[in-house]
Each structure stands twice: as C-alpha cells, then as structure tokens.
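Scope of the values below: all heavy atoms of this structure, side chains included, with no hydrogens, waters or symmetry mates. Note on naming: letters A, B, ... go to the chains in the order of the sequence lines (proteins, then strands), and numbering restarts at 1 for each one. Bear in mind that the values here come from a model prediction, so they are computed numbers and not experimental data.
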Amino acid sequence: MPEINIKEIEEKWRKYWEKEKIYAFDKTKIKGKNKIYSIDTPPPTVSGEMHIGHAFSYSQQDFIVRYKRMNGSVFYPFGTDDNGLPTERLVEKINNVKSKNMSRKEFIELCLKTLKKITPEFIEDWKILGISADYNTYYSTIDKNSQKISQESFVELFNKKQIYKQEFPSIWCVECQTSIAQAELEDKEQNTLFSTIKFKADGKDLLIATTRPELLPACIAVFVNPKDKRYKNLVGKKAKVPVFNHEVPILEDSSADIEKGTGVLMICSYGDKFDVDAINRHKLNVKIILNQDGTLNEKAGILKGLRIKEARKKILEELEKHNLITEKKHISNNVNIHDKCGTEIEFIPTAQWFIKILDKKEQLIKQGKKIKWYPEYMFKRYENWVKGLEWDWNISRDRHFGIPIPAWQCEKCKNIIVADKEELPIDPLQVKKKCPKCKSEVNATPETKVLDTWATSSLTPQLASSLIDNKIIIPYSLRPQAHDIIRTWAFYTITKSYLHENKIPWEDIVISGFVTLQGEKMSKSKGNAIKPQEIIDKYGADAIRYWAASSKLGEDLEYQEKDVITGRKFVTKILNATNFVFMNLNYQEKMPKLHETDRLFLIQLNKAISQATQAFDNYNYSQAKQIVDSFFWQIFSDNYLEIVKNRVYNGTKEEKASAFYALYNSLLAIVKMMAPITPYITEEIYQNHFKKHEKINSIHLTKWPDELKLPGIKERKEDDKQWNKLLEIITKVRQEKSLAKKSVKADIILHISGEDNKLLKNLIQDLKTVTASKDIKEGSFRVEFL
RNA sequence: GGUCCAGUAGGCUAAUGGCAGACCCUCUCGUUUACACCGAGAUGACGGAGGUUCGAUUCCUCUCUGGACCACCA
C-alpha cells in the first residue's frame with residue numbers, strides 16, 4: 001500500500017478545480033425561472049492571514065453551498081473587506097508609516113498598492129481550505145466599483161432625507177485624534193482617586209464626589225434623586241462650583257443614585273456617556289473645555305493648556321490648598337479605553353453624519369422577523385439589539401483610508417451639497433463645488449471624513465450583484481456569518497436593504513459560533529490562537545473541515561487536535577475501502593436480481609440518504625455528517641464489507657453481480673454525501689473510479705443522491721427486522737469470540753433460535769461466512785468453538 | 001443589572017417524552033486476501049430541587065455553575 005500523500009492529492013484537485021472552472025458562476029445560466037441559490041459571502045477583513053475562526057465558519061458555510069450546488073446552481077461570490085481600521089493598521093505596519101503624517105491621497109494610494117500585493121496570498125488560504133467560492137466574481141470593499149455603490153447609497157439616502165449631519169458628542173480618542181466606533185472600545189479596570197469636593201448651595205456646603213475633578217470648569221448642573229430627602233430643599237436652587245465660582249442649577253433626576261457617593265452627581269460636558277444623555281434630556285447648554293488633541297482650552301480657566309492628567313493633578317492641589325476636599329479614597333472602577341492605543345476615551349462634540357434608524361426600530365424588527373434565522377434564537381439577539389438602540393447610526397469617521405463622504409458644505413449659507421450620482425466615485429477633496437443655493441463665489445468646503453466601513457459592507461449583496469450585471473437581486477438565499485457581528489453586519493445590511501428597497505436582504509441567515517480553547521474564545525489578543533495553516537499542513541484541509549462539521553450551527557466548538565485526527569482517519573479509511581472495493585469490482589450498470597442481504601443493506605442506505613438530505617435541507621450539516629459517517633463506518637465498513645467479501649471472492653456470477661451493484665452504488669452515495677464536507681478526498685475517489693461511468697467532470701457537479709428504487713420496499717418494517725437481527729447476531733458472535741479470547745476468524749458452530757433461523761433463512765449463507773461458522777444449528781443462542 | 005445559550009462518562013460531543021449513541025483516554029483480545037494512521041470487545045455519564053406525566057436526560061418552574069452579547073461604572 002503506497003503512502004497516502006494528502007498534500008499532493010489536495011493540491012492536485014485544487015488546481016483541477018481552478019483550471020476546469022468547476023465553481024465559476026455562469027451568468028448566462030440565469031434564465032427566467034431558473035432558481036439560483038445565492039450566498040452573501042462574508043468578505044474577510046484583510047489583516048494578515050486566515051485565523052482558525054475563519055477556517056471554522058467558512059467551512060461551515062461551504063458545506064451548505066456544496067450541498068446546494070449538488071441540487072442546482074449557486075451564486076457564491078468572494079470579496080475582501082479592506083477599508084477598515086484593521087487594514088489601515090496593517091498597511092502602517094508593513095510600510096512603517098503613520099497615516100496621520102500623510103495626505104489622504106498619498107495614504108490611500110499606499111493602501112491600494114499594499115493590498116494589491118498582499119491580498120492574493122491572503123485569499124490563497126481560502127482556496128487551500130477548499131472554499132468553493134467563485135474567486136473571479138470578486139469585489140474588494142475599497143475598489144472603485146464598491147466606492148461608487150457605497151457613495152450612491154449615501155447620496156440616495158441623503159436625498160431621501162434619511163441622512164443628516166449634526167454636531168454631536170461622539171466617542172473620541174485624543175491620542176489618535178479621531179472619533180471611533182463603539183465596537184473599538186475595551187474595558188479596563190483602574191484604580192482611581194475618588195474625591196469628595198465642597199460645592200456651595202444655599203450658603204452651605206454641598207458635598208459631591210467625583211473621579212474627574214478636572215471637569216469642574218465644565219460642570220453645568222448637579223443632579224439629586226427626587227426621592228432623596230436630604231436635598232429636597234435645594235432643588236431648583238443654584239450650586240456654586242468651587243474654584244471656578246460659576247453657578248449651576250440643582251436638578252432632580254432619578255438617575256442619581258442615593259447610595260453612591262454623597263448622592264449628589266455633577267454633570268459635565270462631557271465626562272462620559274451618561275453626561276451626554278443627561279444633557280440631552282435636560283436640554284442643558286454645554287461648556288466644552290477639551291480640545292481634540294487632549295488639552296484644555298481657555299474655558300478651563302487656570303487649567304488652560306494642560307493635558308487631562310496634568311489638569312487633574314493641578315486642580316486637586318488647588319482644591320487642597322483652599323481646603324475644599326473633605327475625603328479622598330481610592331476605588332477601582334472600569335473605564336473605556338481605545339483598543340488600539342489604550343488611551344481613555346473622551347466625548348467631544350464634532351460634526352458627524354448619521355443615518356436615521358431610531359425612528360424605525362419597529363420596522364427593522366419586523367424585517368428581521370421575515371428572515372429565517374438558524375438557529376432560531378439568534379433572532380432574539382438581533383431584536384434585543386434593535387430594541388436597545390439609543391443613537392442613530394454614525395457613519396462618519398475621521399480617518400484617511402476609507403470611502404470619502406461625497407459632500408461639500410457652503411460656508412456662507414451652510415447648505416450641504418452632495419455629489420450627483422453620475423460623478424461617482426468621487427473624492428470631494430479633489431473637486432471644487434460652488435453652492436447652487438446662495439450662489440456664493442467661494443468654493444464650498446469639501447467633507448474630509450470618510451464612511452465607516454460598515455456603511456459599505458452593509459451593501460455586500462449589492463456589491464456582489466453588480467459583478468454579474470445585477471442578474472441576482474435581493475433577497476439572496478443565504479447570509480452566513482458569526483454571531484459577534486449580528487448587531488453590526490447583519491443589522492446594518494437589513495437596515496440598508498430596508499431603506500433602499502424596502503426588502504429583506506436574504507431569506508435565510510445561518511450563524512456560526514466561535515472556536516474555543518479550554519472554554520474560552522480563541523483569539524489572537526488572548527494568545528490562545530492556533531493557526532489553521534499549520535493544521536492543514538499536518539492533517540490536510542479535509543481533516544480540518546471534518547472537524548468543523550462536528551458542531552451544530554451557532555454552537556461554539558472546543559478545538560481538539562484529536563478531532564482533526566479523526567477527520568484524517570476518515571480520509572484514510574474511505575480511500576482504503578474504495579481501493580478494496582474497486583480492486584475486485586466489475587461495473588454493474590443495471591440493477592440485477594438483488595441478493596437478499598444486498599437488498600436489505602441498500603434499504604439502510606436509502607434511510608441514510610433520506611435522513612442526510614433532510615438534515616442538510618435544514619442546514620444541519622453536522623447531523624448529516626454524523627448520519628453518513630456512522631453509516632459508512634458501522635454499516636458499510638464494519639459489517640457489510642465483511643459480509644459481502646466472501647461473495648465477491650467466491651460467489652456465483654449472480655451473487656457477484658448483486659454485490660457489485662450494491663457496492664458501487666452505496667459507495668458512490670457515501671462519497672457524494674461526504675463531498676460537501678471533505679471535497680478533496682471525495683474528488684480523488686470519484687475521479688479514479690466513478691468518473692468513467694458517471695461522466696461528469698467533478699463530483700462537486702454531480703447530483704446529490706436520491707434513494708434507490710428497490711424491490712419489495714413496502715415491507716420495510718419486516719426488512720428492518722431482518723437486517724437488525726443479522727447485525728445483532730454478528731455482533732453477539734464477535735462478543736463471544738472476544739470474551740473467549742479467540743480470533744474474530746476462529747471457526748465455530750453457531751446455534752440460533754428456530755425463530756431467528758426462519759427470519760434469516762435467505763441470509764444464512766452470508767451469516768455463515770461472516771461469522772466463520774462451519775455450521776448453523778437451531779437451539780438457544782450459543783457459540784461453539786471448534 | 002438585562003437578554004440569550006449551555007450544563008450528558010476522565011476529556012470533547014450526539015440524539016431522544018419510554019433501552020442515552022459516537023470519538024479520544026483507560027483495560028482486554030485479535031493480524032493469510034481494504035485498512036496498525038487497523039479491527040473486535042470491556043469499563044464509564046444526563047449539575048441540584050420541585051412540578052406536569054403511566055413514564056422526564058428531554059417539557060415547565062426555581063436554583064447552582066459556565067459562556068456570549070448588551071448596559072452600568074459620580
């Protein structure tokens with residue numbers, strides 16, 4: 001037996017698939033009713049190499065796609081997401097540059113150049129894994145076409161009055177000097193000084209505890225709880241801020257916690273998100289003391305020019321000097337930091353662009369309900385997220401690399417000018433526009449911000465469709481994705497499809513889980529990541545896919561190398577089984593008169609086919625795999641092959657014909673049913689043994705197996721009984737032999753009940769050879785050794 | 001604090017309103033016609049308490065534990 005070289009086999013078929021365009025989408029195929037199964041493929045973020053989570057979730061979606069391809073046509077495009085922050089960072093790292101030291105034009109060019117170099121290698125990992133996408137139907141979320149579509153979306157929504165620009169306190173990193181997304185925040189536990197400070201109210205001291213005394217000059221109100229009797233008499237009066245001596249109103253607000261600190265809470269513009277809410281709620285006039293670079297401005301009085309930490313130190317000294325601090329203690333609290341640089345985030349009001357979503361919560365939940373979620377409970381996560389929304393969708397970012405917001409603003413009349421659809425894609429920095437409204441002579445100011453990456457990736461169905469002349473329109477059949485981005489990618493895509501076309505983007509959505517190690521999510525930042533490239537190198541892509549098929553949709557899966565090894569074993573086993581079968585087999589095209597054992601066996605095959613089909617139809621690939629897998633190991637290999645061996649070697653012509661027919665068809669069905677999971681080895685087997693009879697170019701283009709039409713199928717109950725009894729007796733004999741410490745091949749005389757003997761009368765010969773019985777006698781069950 | 005998910009042998013995982021099935025580990029045995037990257041066999045499990053039911057691992061309630069997401073964090 002020659003050594004099996006998995007790597008060689010896989011590489012061979014990968015090249016074959018590419019050369020023969022096995023997965024290429026043929027848009028001429030689309031005619032009228034011809035239903036195409038379309039997939040809104042997730043575009044991976046170009047940020048290095050494929051990680052284990054990718055290998056897991058892309059394998060899972062590929063099982064589904066390959067199954068669907070065997071039942072008709074599929075549209076399975078491929079894209080990469082490369083206009084986001086991760087890409088920006090990667091480009092900075094590779095080229096050793098800082099984007100903020102470069103012009104936007106320069107940096108974008110560098111990004112595009114770098115991407116061109118690294119993307120093909122990045123995508124190669126997906127090809128090696130055996131992902132059967134059509135890599136020539138390809139988009140990048142930063143390419144010209146994507147820019148055009150994304151900007152068109154912006155223009156259209158602006159014209160529909162669904163986008164507005166507003167000065168708004170947004171999450172700001174003073175280190176990176178940009179607004180950032182909520183998704184870019186991390187928690188950090190910190191030991192902070194909690195000081196109780198003396199304000200004055202009604203001529204008396206009013207004590208307020210705070211961790212951020214440097215914001216005293218920005219204090220614009222204090223809150224007390226309406227139920228708090230201690231401060232009842234002060235409500236409606238003014239409090240005097242120490243050191244700065246301005247007066248602020250004392251307001252009732254139930255958000256003030258009686259138990260916390262002194263029960264009095266100071267509101268500053270802006271200390272945290274809570275302040276933002278409170279200020280909006282009470283319509284307070286803000287007093288901004290923080291500059292975008294993290295220094296304090298002239299409104300901060302004596303703190304002017306200092307950075308936040310310096311200012312905190314200075315004001316504490318000042319308060320101390322005037323004996324205005326009554327208590328100091330250290331507490332541990334959580335602060336939000338920017339995941340990139342670790343800087344504590346601030347809130348600074350800047351002009352941002354928003355898509356209106358708060359007024360559409362109900363409709364968006366309704367849209368989500370129209371989509372079929374797998375697993376179903378994932379819809380709840382979507383629903384909870386939408387219900388809990390508090391802000392409109394901020395789509396602008398103060399970044400260099402991204403799709404420019406195609407807008408200008410007239411300085412004179414503040415009119416906003418957006419690009420015409422015909423001029424897209426456009427970079428407003430490169431184009432001069434005059435205000436058509438006030439006819440100002442001065443050029444309008446181009447918008448320097450870019451669109452957030454989600455503003456574009458929420459259009460992936462449209463991006464993909466544009467590659468094939470929009471021959472496929474939403475709703476697509478399927479969106480596969482992981483559960484961590486339900487609130488972003490799934491939500492935003494549903495939102496855009498609703499806003500633009502009042503449709504759902506896809507009929508079904510399947511959610512995959514994470515890969516865990518010792519119960520924790522595997523990720524680079526946790527340092528517990530395992531590289532899929534290394535696993536594939538060692539065990540093959542089929543093996544890692546086999547492992548990925550062992551968890552249900554939506555479930556996290558613990559990574560265990562032994563599961564991959566089990567996959568590898570399957571590959572070896574099916575190859576060996578096939579070699580054995582074809583070593584002795586003559587092709588038998590038409591169904592001959594079936595030997596009873598073969599007929600009963602094929603009934604079991606039919607059962608497996610019907611169950612696996614049903615499972616796959618519900619996207620339950622793990623169940624399908626399990627059904628086929630156990631049929632292959634337990635029924636086909638361990639029992640049927642053992643039973644039929646003797647007939648294949650020594651049977652009559654008729655007995656052989658029946659065995660050949662059953663072997664060929666059962667093996668073909670098994671190989672086909674495993675093809676979605678382990679595409680390489682099944683292709684190898686198909687090409688070597690089945691293609692000459694089946695005449696189709698690749699197993700992945702063959703039809704998913706139907707149940708065989710067998711004679712006498714109506715008496716299935718009786719048939720099952722016979723088959724089960726046969727296996728039961730075989731198992732019992734093996735057990736007896738094992739207990740007696742004899743070889744499985746030890747000769748015996750088998751005693752079985754008269755009832756069983758009658759039931760198995762057509763199978764006696766096979767039973768005899770497989771159990772190595774010299775004779776079978778009636779009586780109570782017994783194994784007699786010779 | 002809210003929402004959701006999950007608790008099955010030493011480990012990982014499956015199905016099911018009525019004998020809980022694999023795989024890895026452990027132990028025993030086996031190799032003249034596919035496979036030692038093997039085969040056969042054995043040991044071993046439903047977190048806890050209540051309820052519905054003739055019957056609950058499965059359905060319901062509570063509880064404990066773990067995980068995810070969100071919120072809070074003066």
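Heavy-atom nearest nucleotides on RNA chain B were determined for A:D638 and for A:F194, and the one closer to the 5' end corresponds to A:D638. Comparing A:L641 and A:S622 by the nucleotide of RNA chain B whose heavy atom lies nearest to each, the residue mapping closer to the 5' end is A:S622.
Between B:A34, B:U13, B:A15, one nucleotide has an atom nearer to the side chain of A:L557 than all others, and that is B:U13. Candidate nucleotides B:G41, B:A15, B:U33 were compared by shortest atom distance to the side chain of A:R734, and B:G41 ranks first. Checked against B:U33, B:U13, B:G30, the side chain of A:E558 finds its nearest nucleotide in B:U13. Closest contact between the side chain of A:T566 and the listed nucleotides B:A15, B:C23, B:A34 involves B:C23. Distances were taken from every side-chain heavy atom of A:E555 (C-beta onward) to each of B:A6, B:G41, B:G30; the shortest belongs to B:A6. Across B:G30, B:A34, B:C37, the shortest atom-to-atom separation from the side chain of A:S743 is found for B:G30. Here the nucleotide nearest the side chain of A:Y649, chosen from B:A15, B:C73, B:U33, is B:U33. Comparing B:C69, B:A34, B:C73 against the side chain of A:R381 picks out B:C69 as the nearest.
At the heavy-atom level, A:K569 lies under 4.0 Å from the strands shown only through sugar-phosphate atoms. When heavy atoms are screened at a 4.0 angstrom cut-off, A:K737 is found touching no nucleic acid atom at all. Note on A:V264: a base of the nucleic acid sits closer than 4.0 angstrom, heavy atoms only. A:K387 comes within 4.0 angstrom of nothing in the nucleic acid, heavy atoms only. Contacts of A:E642 with the nucleic acid, taken as non-hydrogen atoms under 4.0 Å apart, include base atoms. If you check every strand for non-hydrogen atoms under 4.0 Å, A:K741 touches sugar and phosphate atoms only. Among the atoms of the strands shown, only primed sugar atoms or phosphate atoms (P, OP1, OP2) are found under 4.0 Å from some heavy atom of A:D272. A:T731 comes within 4.0 angstrom of the backbone, heavy atoms only, and of no base. At the heavy-atom level, A:I565 lies nowhere under 4.0 Å from the strands shown. At a threshold of 4.0 angstrom between heavy atoms, the contacts of A:F223 with the nucleic acid are absent.
A:R568 places its CZ atom 15 Å from the P atom of B:C24, with the value rounded to the nearest Å. Taking atom CG of A:N620 as the reference point, atom C1' of B:A15 lies 11 Å away to the nearest angstrom. Rounded to a whole Å, the OH atom of A:Y539 is 10 Å from the C1' atom of B:C37. The distance from atom CG of A:N576 to atom C1' of B:C35 is 4 Å, rounded to the nearest whole Å. Residue A:W385 contributes atom CH2, which lies 17 Å from atom P of B:A68 at whole-angstrom precision. Across the protein-nucleic acid pair, A:L663 atom CG and B:A34 atom P stand 13 Å apart, rounded to whole Å. A:F570 places its CZ atom 18 Å from the P atom of B:A22, with the value rounded to the nearest Å. Remark: P of B:C72 and CG of A:L265 are 14 Å apart, rounded to the nearest angstrom.
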Given A:E684 and A:N688, is the side-chain hydrogen bond (donor to acceptor under 3.5 Å, both in side chains) satisfied, shown in steps? CA-CA 6 Å; A:E684 167 84 5; A:N688 288 342; 3.1 Å; yes
Could you go through A:D272 and A:R212, starting from their C-alpha distance and side-chain angles, then the distance that decides it, and tell me whether this counts as salt bridge (Lys or Arg N to Asp or Glu O under 4.0 Å)? CA-CA 10 Å; A:D272 55 25; A:R212 301 207 56 183; over 6 Å; no
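Across all strands shown, the partner of B:C38 is B:G30, judged by Watson-Crick or G-U wobble contacts whose two distances both fall under 3.5 Å. Across the strands present, B:A20 finds no partner; the criterion is a Watson-Crick or G-U wobble pair with both atom distances under 3.5 angstrom. In a base pair of the Watson-Crick type (N1 to N3 plus N6-O4 or O6-N4) or a G-U wobble (N1-O2 and O6-N3), with each distance short of 3.5 Å, B:U3 is matched with B:A68.
Comparing the C1' positions of B:U26 and B:G11 gives a spacing of 12 Å, expressed to the nearest Å. When the C1' atom is used for both B:G51 and B:A9, the distance is 28 Å, rounded to whole Å. To the nearest whole angstrom, the two C1' atoms, one in B:C4 and one in B:C12, are 24 Å apart. To the nearest whole angstrom, the two P atoms, one in B:G47 and one in B:G7, are 8 Å apart. Between B:C24 and B:U33, the two P atoms lie 23 Å apart (nearest whole Å). For the P atoms, the distance linking B:A71 with B:A45 amounts to 44 Å, nearest Å. For the P atoms, the distance linking B:A14 with B:C54 amounts to 32 Å, nearest Å. Nucleotides B:C60 and B:U16, compared at atom P, are 15 Å apart to the nearest Å.
Summarising the local packing, NZ of A:K361 is surrounded by more than 12 heavy atoms from other residues, nucleotides or ligands at distances under 6.0 Å. Counting non-hydrogen atoms of other residues, nucleotides and ligands closer than 6.0 Å to NZ of A:K240 gives a total of 12 or fewer. The neighbour count for A:E728 CD, taken as heavy atoms of other residues, nucleotides or ligands under 6.0 Å away, is above 12. Residue A:K742 places its NZ atom among 12 or fewer non-hydrogen atoms of other residues, nucleotides or ligands, all under 6.0 Å distant.
Side-chain N/O atoms of A:K573 include none lying less than 4.0 angstrom from OP1 or OP2 on B:A34. Between A:R487 and the phosphate of B:C70, there is a side-chain N or O to OP1/OP2 separation shorter than 4.0 Å. Put simply, A:Q735 has a side-chain N or O that comes within less than 4.0 Å of OP1 or OP2 on B:A42.
Salt bridge absent: A:D542 and A:R568 never bring a charged side-chain N and a carboxylate O closer than 4.0 Å.
Within residues 625-635 of chain A, the residues that have a heavy atom under 4.0 Å from RNA chain B are, in order of number, A:Q626, A:W633.
Ring planes of A:F636 and A:Y640: tilted class, angle from 30 to 60°.
The aromatic ring centroids of A:Y664 and A:H689 lie 6.0 Å or more from each other. Separation of the A:F347 and A:Y270 ring centroids does not fall under the 6.0 Å cut-off.
Under the stacking criterion of a centre-to-centre distance below 5.5 angstrom and an interplanar angle below 30°, A:Y377 is not stacked against the six-membered ring of B:C5.
Residues A:M674 and A:Y546 are in side-chain contact: their nearest non-hydrogen atoms beyond the backbone lie under 4.5 Å apart.
Side chain A:K562 to base B:C23: a donor-acceptor pair is found below 3.5 Å.
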